[in-house]
Amino acid sequence: MARKIIIDTDPGQDDAVAILLALASPELELLGITCVAGNVPLSLTAKNARIICELANRPDIRVFAGCDAPMARKLVTAEHVHGKTGLDGITLPDPTMPLQESHAVDFLIETLRAEPEDTVTLVPIGPLTNIATAMTRAPDIIPRIQEIVLMGGGYFEGGNITPAAEFNIYVDPEAAKLVFGAGVPLVVMPLDVTHKALTSRARVEAFRKAGRVGPAVASWTDFFERFDKEKYGSEGAPLHDPCTIAYLLKPELFRGRHINVEIETGSELTLGMTVADWWRVSGRAPNATFMGGIDAEGFFALLTERLARL
Ligand code: RIB
Ligand code: CA
């Protein structure tokens, strides 16, 4: 029986690779894609999600537009990383598949109420605005969620949008605080892990040869990597978001700890920081499996093999 998931996303080249990996994997049943404002404004993330589905020849996937701004702050976007369109690197045709009528938050609520309890996993790979808004509007869905596997945060790696905060958490820290405090089983893929999932020339060339979608994926990572190479002097780009899907497929690729993670929402200096009690000194109850290690070779082998199936 395939595992039912909903991907909540702000595509974003790395989001695109995560969505393609999910679509290439029969172990997963993608109930829908909910889009949120993040890397680029909502109108573009909702368009990009459909571009990605059509690239994978999956116009049947239901794509929903969600929140166009954080719960309590102005939107911060990341065109400096992802380009004006959010999917810079290759120009693909505008989507012809329709956006679903319902709002993403309504889809999340209705689906979690309709599916049997404890059978739907949420995979947020952008700011947590949609998820937190659904939880606020319908608290009854919280105990029905099987697990949340999200990309966000950082501890040893610090932040990537400020010295203290990672982008997804920073954009909507109030939403993150709510999700991390909801009591849902939570797996976190922070920069501590994703910065070890780095592309390289060889890995990108392997993408390029990976079936029909390979050239697009290689073009996206070629574009996406320039920001991190310049900033960190790394050889390649961290493939942040696909780590969530890879975890669902092969959790043994990852190593982490079940610890307490709190979100800073009061200090402008450290706003959006994931205060990860890695050494368990706070006495606060653990609320997340916070990942710290990855088998990068195994991750790229899985990703390349699956992409070639599309
Ligand atoms: O900090 C990395 C995260 O921010 C990724 O999800 C990327 O797509 C951006 O949304
Ligand atoms: Ca993302």
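Counting convention: from 1, in listed order, for ligands and their atoms alike. FYI, side chains are in, hydrogens and waters are out, and symmetry mates aren't considered; it's all heavy atoms of this structure.
Scanning the protein for heavy atoms near atom 3 (C) of ligand 1, the closest one is Glu166 OE2, 3.3 Å. Remark: minimum distance from atom 4 (O) of ligand 1 to any protein heavy atom is reached at Asn168 OD1, 3.2 Å. From the protein, the heavy atom lying nearest to atom 6 (O) of ligand 1 is Asp241 OD1, 2.6 Å. The protein heavy-atom contact nearest to atom 9 (C) of ligand 1 is Asn39 OD1, 3.1 Å. The protein atom (non-hydrogen) at minimum distance from atom 8 (O) of ligand 1 is Asp14 OD1, 2.7 Å.
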Walk me through it: do Met189 and Tyr247 pass the test side-chain contact (heavy atoms from CB on, under 4.5 Å)?
CA-CA 9 Å; Met189 291 289 164; Tyr247 171 79; 3.5 Å; yes
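Protein N/O/S atoms nearer than 3.0 Å to the Ca ion (ligand 2) total 5.
Checked by distance only, ligand 1 and Ile125 come closer than 3.5 Å through their nitrogen or oxygen atoms. Close N/O approach between His240 and ligand 1 is not found [any backbone or side-chain N/O within under 3.5 Å].
Using a 4.0 Å cut-off between charged side-chain N and carboxylate O, Lys47 and Asp94 make a salt bridge. Remark: Glu147 engages Arg3 in a salt bridge, criterion side-chain N to carboxylate O under 4.0 Å. Under 4.0 Å is where a charged nitrogen must lie from a carboxylate oxygen, and between Arg113 and Asp140 at least one such pair does. At a threshold of 4.0 Å, the pair Arg58-Glu54 does not count as salt-bridged, since none of the basic side-chain nitrogens sits closer than that to a carboxylate oxygen.
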Just distance, no hydrogens or angles: give the donor-acceptor pairs under 3.5 Å from side chains in residues 154-161, sequence neighbours left out.
residue: Glu157; atom: OE1; partner: His195; partner atom: ND1; Å: 2.5
residue: Asn160; atom: OD1; partner: Phe167; partner atom: N; Å: 2.9

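Set against the non-hydrogen atoms of Met151, the atoms of ligand 1 under 4.0 Å away are 2 (C), 3 (C), 5 (C), 6 (O). Each of the following atoms of ligand 1 lies closer than 4.0 Å to a heavy atom of Asp15: 8 (O). Ligand 1 places these atoms under 4.0 Å from at least one heavy atom of Asn160: 1 (O), 2 (C).
The side-chain tip of Arg203 does not point at the ring of Phe207 from less than 6.0 angstrom away and within 45° of straight on.
With a heavy-atom cut-off of 4.0 Å, Thr194 does not touch ligand 1 at all. At a heavy-atom cutoff of 4.0 Å, ligand 1 is contacted by no atom of Val81, backbone or side chain. The residue Ile161 has no part lying near ligand 1, judged by heavy-atom distances below 4.0 Å.
Without hydrogens or angle criteria, Arg212 side chain to Leu55 main chain gives a donor-acceptor distance under 3.5 Å. Glu166 places a side-chain N or O within 3.5 Å of a backbone atom of Asn168 that can act as its donor or acceptor partner. With hydrogens and angles ignored, the 3.5 Å screen pairs a side-chain donor or acceptor of Gln13 with a backbone N or O of His82.
Leu128 has its side chain out of reach of Lys177: every pair of non-hydrogen atoms, C-beta onward, lies at least 4.5 Å apart. Annotation: side chain of Glu79 is not in contact with side chain of Asp88 (no heavy-atom distance under 4.5 Å).
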